[in-house]
Chemist: 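My questions all concern the structure below.
FYI, the numbering just counts along the sequence from 1. Because only heavy atoms are used, hydrogens play no part in the values below, and waters and symmetry mates are left out as well, while side chains stay in.
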Amino acid sequence: MNRSTANWLFVTPIVIAILLLTKPTLTGGNDRIDEVVDLLGLGIAVMGLVIRVVSRDWKSSHIENGLVTTGPYSIVRHPMYVASYLVGLGLLIIIGNLVLTLVFTVFYILVHVKIGRREERFLSQKWPEDYKSYKAKVPAVIPFPAALAKTFTRKHPWVSSRKAAVRRESGTIFSVVSAAILFEVREDYFVEGWVRAHTEITFCLALAALILFIWFVFSVIWHINKNTTSSDHA
């Protein structure tokens with residue numbers, strides 16, 4: 001089972017559980033607490049997206065040189081796993097259900113520990129000496145404070161091409177933004193009710209629809225340009 005399939009199998013039941021079973025418990029029905037929780041969740045999700053975009057671009061730009069041990073991979077060995085967890089955690093904080101957030105954390109760890117070990121066995125076989133040294137110096141997912149602090153003192157960004165990096169992760173970016181808005185709609189409905197929140201809910205639904213439409217147009221244009229470029233080089 002590849003990582004993409006595993007992620008879909010992991011995410012799908014969580015989404016179903018969110019839609020059918022959960023109600024907000026973190027806000028206590030308080031509007032101000034609700035706003036703080038929403039901003040916290042959004043901030044964590046955005047941080048996860050940034051880490052994901054940077055990490056994927058860095059690996060794509062350096063994989064031809066062999067084992068990637070620099071950039072975000074000099075802080076943790078699995079920055080993409082960290083990024084995906086932060087994205088999921090942020091969305092669940094917006095939903096505001098503590099039990100679901102804890103369940104997500106436990107199952108995410110269980111699933112990705114297995115996937116991570118399999119990937120590390122592959123890397124150990126492909127680069128036995130290099131990976132042994134790398135593994136001894138760099139933690140799997142929890143960074144050393146000193147290494148983390150260095151990220152704020154670097155003069156050069158870790159993204160070789162911002163446009164290409166964002167394009168590679170465009171599906172994830174649009175999906176997360178749309179999910180955050182729709183989860184906020186659902187959470188506002190439970191906390192405030194339709195009568196109090198109908199204006200905000202209507203606006204958010206329209207915004208989500210607009211974002212999905214932009215995503216569709218963006219995808220069509222990108223595929224047309226890709227096919228045109230392939231034809232020109234044929």
Chemist: Donor-acceptor pair, distance only, cut-off 3.5 Å: does the side chain of T105 make one with the backbone of T101?
Modeler: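 Pair found, side chain donor or acceptor close to backbone of T101.
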
Chemist: Under 6.0 Å from the CD1 atom of I142, do we count more than 12 heavy atoms belonging to anything else shown?
Modeler: no

Chemist: Between V87 and G48, what is the shortest heavy-atom contact and its length?
Modeler: CG2-C, 3.7 Å

Chemist: Is there a path of hydrophobic side-chain contacts, each under 4.5 Å between heavy atoms of I/L/V/M/F/W/Y residues, joining L49 to L40?
Modeler: yes

Chemist: Could you check if a side-chain atom of R121 sits within less than 4.5 angstrom of a side-chain atom of R118, using non-hydrogen atoms only?
Modeler: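 Answer yes - side chains close enough.
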
Chemist: Under the 3.5 angstrom rule, does the side chain of H198 hit a backbone N or O of V195 as a donor-acceptor pair?
Modeler: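 Here the side-chain-to-backbone pair exists.
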
Chemist: Can you tell me how far apart CD1 (I44) and CG (L89) are? Round to the nearest 0.5 Å.
Modeler: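 Going from the CD1 atom of I44 to the CG atom of L89 covers 5.0 Å.
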
Chemist: Before giving the answer on side-chain hydrogen bond (donor to acceptor under 3.5 Å, both in side chains), spell out for W215 and S178 the whole-Å C-alpha distance, their side-chain angles and the decisive distance to 0.1 Å.
Modeler: CA-CA 10 Å; W215 181 13; S178 300; over 6 Å; no

Chemist: Could you tell me if the side chain of I201 sits less than 4.5 Å from the side chain of W194, heavy atoms only?
Modeler: yes

Chemist: Given side chains that start at C-beta, do those of Y81 and E119 come closer than 4.5 Å, heavy atoms only?
Modeler: yes

Chemist: Under 4.5 Å side-chain heavy-atom separation, chaining through any Ile, Leu, Val, Met, Phe, Trp or Tyr, what else clusters with V36? Say none if it is isolated.
Modeler: none

Chemist: As an exercise, state the distance from CD of E169 to OG of S55, rounded to the nearest 0.5 Å.
Modeler: 9.0 Å

Chemist: Output the distance between atom CZ (F216) and atom CD1 (I221), rounded to the nearest 0.5 Å.
Modeler: 10.0 Å

Chemist: Is any side-chain heavy atom of L42 closer than 4.5 Å to a side-chain heavy atom of D38?
Modeler: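 Of all side-chain heavy-atom pairs linking D38 with L42, none is under 4.5 Å.
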
Chemist: Group every Ile, Leu, Val, Met, Phe, Trp and Tyr by side-chain heavy-atom contacts under 4.5 Å, then state whether I95 and L39 land in the same group.
Modeler: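 Not linked; separate clusters.
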
Chemist: Could you see if V106 belongs to whatever hydrophobic cluster contains V99? Use Ile, Leu, Val, Met, Phe, Trp, Tyr and a side-chain cutoff under 4.5 Å.
Modeler: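 V106 and V99: separate clusters.
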
Chemist: To the closest 0.5 Å, what do you measure between CG (L182) and CD (E184)?
Modeler: 10.5 Å

Chemist: Can you measure from CG (L91) to CD1 (I181) and round to the nearest 0.5 angstrom?
Modeler: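 So the CG of L91 and the CD1 of I181 are separated by 11.0 Å.
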
Chemist: Linking I/L/V/M/F/W/Y whenever their side-chain heavy atoms sit closer than 4.5 Å, directly or via other members, would V141 and L110 fall into one cluster?
Modeler: no

Chemist: For residues Y134 and E129, is any side-chain donor paired with an opposing acceptor at under 3.5 Å?
Modeler: no

Chemist: Side-chain contact, heavy-atom cut-off 4.5 Å: R77 with E120?
Modeler: yes

Chemist: With a 6.0 Å cut-off on ring centres, are Y85 and F104 close enough?
Modeler: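 Between Y85 and F104, the centre distance is under 6.0 Å.
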
Chemist: Just wondering, do R52 and T172 contact through their side chains at under 4.5 Å, heavy atoms?
Modeler: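 Answer yes - side chains close enough.
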
Chemist: Would you mind telling me which of V46, I211, V53 makes a side chain to side chain contact (heavy atoms under 4.5 Å, CB included) with I173?
Modeler: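 That would be V53; it is the only one of V46, I211, V53 passing the side chain to side chain contact (heavy atoms under 4.5 Å, CB included) with I173.
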
Chemist: Is it true that atom CZ of F218 has more than 12 heavy atoms of other residues, nucleotides or ligands lying nearer than 6.0 Å?
Modeler: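 Enclosed: over 12 neighbouring heavy atoms sit under 6.0 Å from CZ of F218.
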
Chemist: Return the set of residues passing side chain to side chain contact (heavy atoms under 4.5 Å, CB included) with L123 (not counting sequence neighbours), or none when no residue passes.
Modeler: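 Checked L123 against side chain to side chain contact (heavy atoms under 4.5 Å, CB included); matches are L67, W127, Y131.
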
Chemist: Hey, what's the ring geometry for Y108 with H112, parallel, tilted or perpendicular (30° and 60° as the breaks)?
Modeler: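 Rings of Y108 and H112: parallel, as their planes differ by under 30°.
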
Chemist: So how far is it from W58 CH2 to S74 OG, rounded to the nearest 0.5 Å?
Modeler: 8.0 Å

Chemist: So if you build clusters from Ile, Leu, Val, Met, Phe, Trp, Tyr with side-chain heavy-atom gaps below 4.5 Å, do L210 and L212 land together?
Modeler: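 Linked within one cluster.
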
